[in-house]
Number of protein chains: 2
Amino acid sequence: MQRQTTQRVAIENAFTAAGRPLGPQEILEAARDEVPSLNLATVYRTLKRMVDDRILHPVELPGESPRYELQEAADKHHHHFRCRKCDAVFDLNGCVNGLSKLLPAGFQMSGHDIVIYGDCRACNA
Amino acid sequence: MQRQTTQRVAIENAFTAAGRPLGPQEILEAARDEVPSLNLATVYRTLKRMVDDRILHPVELPGESPRYELQEAADKHHHHFRCRKCDAVFDLNGCVNGLSKLLPAGFQMSGHDIVIYGDCRACNA
DNA sequence: ACGCTATTGCAAATGCATTCGCGTTTTGCT
DNA sequence: AGCAAAACGCGAATGCATTTGCAATAGCGT
């Protein structure tokens, strides 16, 4: 049976408060505001459970360890922005057309990922 | 000083023969056709040197360890295709428009990556 | 409030890709 | 051909992100 622990709630809160994909370390730091004793192993255990339960969804970017976002965010097709100054990742709404015209003959497309790099709002200011 | 060893030549040949980005293990297997004694450590050493010398360029895809492609290929802006059946990666020519319209207000774009997933020509056949 | 068991914190262990140490082999210069 | 330095092969060592074992703690049903 699934228990409602303070650390799990703190982790869920971290996601809703951030509104963007978070990595294990980021989650740890954010959730420690609520539960200072929180341990990284617990973060990993909780992440794994929440992914299994379809509450979170992994976000993989080139050359980086996975971040996670709420499944509800993942449900609608979207892509990601990664800030080169603060390394934070943000969700982007929408998509582009014409991807399939990049395909060579004989290739079949079943999905795609787009990552935009640059400076986020906060780092820009 | 830089020496022209048979293993280094074999590795270079693997790239020109493949015409697509290769990972260390793929390189090892391909180059062993020419030099059966080739060792993975040598592949890594050679890759590092060739990247330093701007002969090769690393290709990072979400959730995978880096592959490498000839710098000449990397010089013109392009993206990548990854086959879900054989895991091979291919270069794609061209790009798309309208990426910047995905940006939220206050965000500044300085680059982007696109990866298309699907079945490659060979796996399709 | 009590007790059972899921969950936690901590430190040690994994897994994996990549790197290093070192004795041996090659390369390229003379 | 002769040699010093660069490369190699091999196995052991790193570095990191992630996982696990275990004793202690804390949800939650009764």
Side-chain angles (χ1 to χ4, degrees), chain A residues 1-15 21-69 80 82 87-89 115, chain B residues 1-15 21-69 80 82 87-89 115:
Chain A
M1 175 254 297
Q2 199 81 304
R3 287 180 185 175
Q4 181 82 352
T5 67
T6 64
Q7 19 283 85
R8 176 169 177 147
V9 171
I11 290 172
E12 286 169 352
N13 288 345
F15 278 105
L22 299 175
Q25 200 60 49
E26 283 178 303
I27 297 163
L28 179 66
E29 282 151 25
R32 271 187 172 165
D33 291 345
E34 276 181 55
V35 184
S37 71
L38 183 61
N39 189 277
L40 187 55
T42 301
V43 172
Y44 275 107
R45 278 189 282 241
T46 306
L47 285 176
K48 170 171 280 195
R49 210 140 11 105
M50 293 174 82
V51 169
D52 287 349
D53 298 347
R54 306 293 155 95
I55 294 167
L56 288 181
H57 188 80
V59 175
E60 309 255 27
L61 298 196
E64 319 200 26
S65 39
R67 291 166 174 79
Y68 298 85
E69 66 184 0
H80 296 97
R82 152 110 195 288
D87 292 344
V89 170
V115 184
Chain B
M1 174 253 296
Q2 200 79 307
R3 287 178 185 176
Q4 183 81 350
T5 67
T6 64
Q7 20 282 87
R8 175 170 178 145
V9 172
I11 290 172
E12 286 169 354
N13 288 346
F15 278 104
L22 300 175
Q25 201 61 49
E26 282 178 302
I27 297 162
L28 180 66
E29 282 151 26
R32 270 186 172 165
D33 290 346
E34 277 181 55
V35 184
S37 70
L38 183 61
N39 189 277
L40 187 55
T42 300
V43 172
Y44 276 107
R45 278 189 283 243
T46 306
L47 284 176
K48 169 171 282 196
R49 210 140 15 100
M50 292 174 81
V51 168
D52 288 347
D53 299 345
R54 306 292 155 95
I55 294 167
L56 288 181
H57 187 81
V59 175
E60 308 254 28
L61 298 196
E64 320 200 25
S65 40
R67 291 166 174 79
Y68 298 83
E69 65 186 0
H80 296 97
R82 152 108 196 288
D87 293 345
V89 170
V115 185

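Just so it is clear: chains get the letters A, B, ... in the order the sequence lines come, proteins before strands, and each one is counted from 1. Computation of the quantities below employed the complete heavy-atom set of this structure, encompassing side-chain atoms and omitting hydrogens, waters and symmetry-equivalent molecules.
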Inset, instruction - For the pair A:Q7 and A:T42, evaluate side chain to side chain contact (heavy atoms under 4.5 Å, CB included) and give the outcome as yes or no after the intermediate values. - result: CA-CA 8 Å; A:Q7 19 283 85; A:T42 301; 4.2 Å; yes
Inset, instruction - State, yes or no, whether a side-chain contact exists between A:V59 and A:P66 at a heavy-atom distance under 4.5 Å. - result: no
Inset, instruction - Kindly say whether A:G23 contributes a backbone atom to a donor-acceptor pair with the side chain of A:E26 at under 3.5 angstrom? - result: yes
Inset, instruction - Check the pair B:K48 / B:M50 against side chain to side chain contact (heavy atoms under 4.5 Å, CB included), numbers first and verdict last. - result: CA-CA 6 Å; B:K48 169 171 282 196; B:M50 292 174 81; over 6 Å; no
Inset, instruction - Check the distance between D:dC16's P and A:E64's CD and give it to me in whole angstrom. - result: 16 Å
Inset, instruction - Rounded to the nearest angstrom, tell me the gap between atom CD in B:Q25 and atom C1' in C:dT19. - result: 16 Å
Inset, instruction - Specify the separation, in whole Å, of atom CD of A:Q7 and atom P of D:dA24. - result: 18 Å
Inset, instruction - Starting from P on D:dT19, measure out to CG on A:L28 and report it in whole angstrom. - result: 15 Å
Inset, instruction - Quickly work out the B:R8 CZ to D:dG9 P distance and round it to whole Å. - result: 14 Å
Inset, instruction - Could you tell me the separation between the CG atom of B:N39 and the CG atom of B:L28, rounded to the nearest 0.5 Å? - result: 7.5 Å
Short heteroatom pairs, N/O only, protein and nucleotides 28-30 of chain C, under 3.5 Å:
unit_1	atom_1	unit_2	atom_2	d
C:dG28	OP1	B:Q4	N	3.0

Inset, instruction - Begin from the C-alpha positions of B:H80 and B:E69 and carry the test side chain to side chain contact (heavy atoms under 4.5 Å, CB included) through to its verdict. - result: CA-CA 11 Å; B:H80 296 97; B:E69 65 186 0; 3.2 Å; yes
Inset, instruction - Before giving the answer on side chain to side chain contact (heavy atoms under 4.5 Å, CB included), spell out for B:R45 and B:R8 the whole-Å C-alpha distance, their side-chain angles and the decisive distance to 0.1 Å. - result: CA-CA 10 Å; B:R45 278 189 283 243; B:R8 175 170 178 145; over 6 Å; no
Inset, instruction - Return the 5'-most residue of the pair A:R32, B:P66 with respect to DNA chain C, ranking by each residue's nearest nucleotide. - result: A:R32
Inset, instruction - Taking the side chain as every heavy atom from C-beta outward, state whether B:Y68 and B:V51 have any atom pair closer than 4.5 Å. - result: yes
Legend entry - Near-strand residues of residues 35-59 of chain B, defined as heavy-atom separation under 4.0 angstrom from DNA chain C: B:A41, B:Y44, B:R45, B:K48
